[in-house]
Q: 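If you scroll down you'll find the structure; I have some questions about it.
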Amino acid sequence: MTMRKTLVAVIAALLLAGPAPADVVRMKDGRTFIGVILEEKSRSITIDTKISNIRSTVTLHRREIASIEKKPLPDGFFDDGGGSAQPKTPATPSRTPERSDQRPSSRRQAPVDIRYLEIPIVGVFGEDIIPIGVENALEQARRRRVEHIVFRIDSDGGYVWAAEDIAEILEQHEDEFTYHALIDKAISAAIWVALSCDTMHMTPGATIGAAVVYSRDETSGDAEVDAKFNSAIAARLAARAEKHGHSPVVVRAMVLGEAEAYAWKDESGEWVIGAERPKLQRVDSLRTLDKRDTVLTLTAKEADELGFATLFTEKYADALREGLGVERWRGSGNMGANEMERAASKAKPVFERFGMLHSELFASIERAVSADPGNFTYYVDYGGNLTGSSRRDWQRNTDQAIAEWRRVHSVLVEMERLERDRAELRMSRWVETVDLQSIADQVAENVRRLEENRDRR
């Protein structure tokens with residue numbers, strides 16, 4: 001008996017046995033598939049279903065699935081005009097198709113263990129949350145064939161460079177993993193990680209949003225420059241969010257103070273979110289989410305109601321099993337937490353040393369400028385030359401200024417050395433190379449000037 005005939009026989013037997021349990025698979029894009037799941041894998045399922053009243057075998061990627069439920073199979077669901085039930089030509093598979101030489105098993109296989117790794121995103125980005133920690137945790141997950149990552153997010157934000165670096169790391173590995181966000185708090189820079197996930201779950205009392213940013217978390221001093229910078233970040237973040245099925249309108253309202261966001265119900269009663277106020281919308285349905293002079297923050301209840309995230313009443317990643325519609329959901333230990341702690345401990349002394357050097361740099365520049373011999377008064381003789389005492393004062397002040405400028409240079413060298421340590425920690429530069437070089441050029445010019453004039457008469 002061929003595999004196809006075996007498959008037909010098994011399904012026919014199930015149908016003849018009485019009302020069979022059906023698998024109802026709801027997709028994130030609104031589609032629903034009703035039928036019998038033939039095969040379950042860690043990243044996909046194969047379901048025997050009907051499409052346009054034609055029996056089809058479809059492979060669906062778990063990343064695109066919103067939920068899976070069990071319900072009675074409708075009477076005669078697979079009947080084809082009273083004829084024998086036979087699967088038709090398989091429909092077009094999802095973005096991750098099965099190989100042509102692989103066919104669904106002739107019988108329902110045992111549930112597959114879906115393994116996940118929890119990675120805590122807790123504290124301040126760039127201090128407690130270091131990009132290399134996330135990258136190392138993902139590498140550990142890859143080695144152990146873990147394909148689902150749960151980010152436990154509880155952060156008020158921090159440095160934008162750290163958030164963007166982490167988002168880039170997640171994008172580089174997105175074909176290897178399915179990402180889930182379990183949010184206690186995702187404010188400011190923390191939304192970069194949340195919006196890079198395929199599903200977002202918010203615990204009661206959680207909030208997400210308020211992510212207005214400027215260059216390196218500081219204003220440039222130029223309102224137009226700041227606006228352009230924020231606009232570019234909002235565009236990148238909105239594109240990343242939309243790629244994972246999250247509303248780009250909501251995201252822009254969380255980043256741009258001038259953005260607006262409105263929500264209203266369509267004819268089916270579903271919420272629609274737009275950046276402009278609809279002209280013909282009923283007042284009892286229309287909600288103003290964000291005005292031009294505010295920055296959007298959503299509570300867990302609001303995000304759930306709008307379909308932006310799912311309200312999750314549990315506090316632990318283990319409980320995501322039901323919400324994700326999987327039968328077997330198993331954690332992979334503390335690898336994620338260990339890697340994040342290890343990265344933070346390595347980064348801490350580098351941060352502290354950089355902070356000291358940053359302060360020392362400006363203090364040394366101030367001392368060098370103050371010691372410049374041109375800032376003092378000297379006595380000259382009748383010939384217009386410095387007196388002996390004044391010449392010695394001039395030389396002493398010159399030597400002091402040269403020493404301070406050389407101290408500035410040594411600080412620059414050590415800061416550049418720390419930049420290499422920074423690179424090993426997978427972090428963006430704290431000081432641009434062009435800035436360090438510009439200061440170094442000024443140091444060299446001042447030392448040259450002082451040395452040339454040291455023996456002034």
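One is the number of the first residue; the rest follow in order along the sequence.
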Q: Quick one: side chain to side chain contact (heavy atoms under 4.5 Å, CB included) partners of Val122, sequence neighbours excluded?
A: Pro120, Asp154
Q: Using the test side chain to side chain donor-acceptor pair (under 3.5 Å), find all partners of Glu414 that sit at least two apart in sequence or belong to another chain.
A: Arg353
Q: If the condition is side chain to side chain contact (heavy atoms under 4.5 Å, CB included), which residues does Arg142 pass it with, not counting sequence neighbours?
A: Glu139, Glu176, Phe177
Q: Hey, could you give me the CG/OG distance between Asp156 and Ser188, rounded to the nearest 0.5 Å?
A: 8.5 Å
Q: Among pairs that include at least one residue of residues 117-132, which meet side-chain hydrogen bond (donor to acceptor under 3.5 Å, both in side chains), considering only residues two or more places apart or in two chains?
A: none
Q: List in chain and number order the residues that pass ring pair (Phe, Tyr, Trp, His ring centres under 6.0 Å) with Phe125, two or more places apart in sequence or in another chain; answer none if no residue qualifies.
A: none
Q: Which residues pass the side chain to side chain donor-acceptor pair (under 3.5 Å) test with Asn338, not counting sequence neighbours?
A: none
Q: Please enumerate all residues that pass side chain to side chain donor-acceptor pair (under 3.5 Å) together with Glu404, with sequence neighbours excluded.
A: Arg367, Gln400
Q: Output a table of donor-acceptor pairs, distance under 3.5 Å, between side-chain atoms of residues 253-263 and any protein atom two or more places apart or on a different chain; print 'none' if there are none.
A:
from	atom 1	to	atom 2	distance (Å)
Glu260	OE1	Tyr262	OH	2.4

Q: Taking the basic N atoms (NZ, or NE/NH1/NH2) and the acidic carboxylate oxygens, is any pair closer than 4.0 Å for Glu171 and Arg240?
A: yes
Q: In plain terms, say whether Arg449 and Asp372 are close enough for a salt bridge, that is, a side-chain N and a carboxylate O under 4.0 Å apart.
A: yes
Q: Taking ring pair (Phe, Tyr, Trp, His ring centres under 6.0 Å) as the definition, give me every residue that meets it alongside Tyr116, ordered by chain and number, with sequence neighbours left out.
A: Trp329
Q: Sort and list the pairs that fulfil side-chain hydrogen bond (donor to acceptor under 3.5 Å, both in side chains) and have at least one residue in residues 303-317, not counting sequence neighbours.
A: Arg287-Glu305
Q: Can you run down the side-chain hydrogen bond (donor to acceptor under 3.5 Å, both in side chains) pairs that involve residues 200-212, sequence neighbours left out, and say none if there aren't any?
A: Asp184-Thr203, Thr199-His201
Q: What residues form a side chain to side chain donor-acceptor pair (under 3.5 Å) with Thr294, not counting sequence neighbours?
A: Asp290
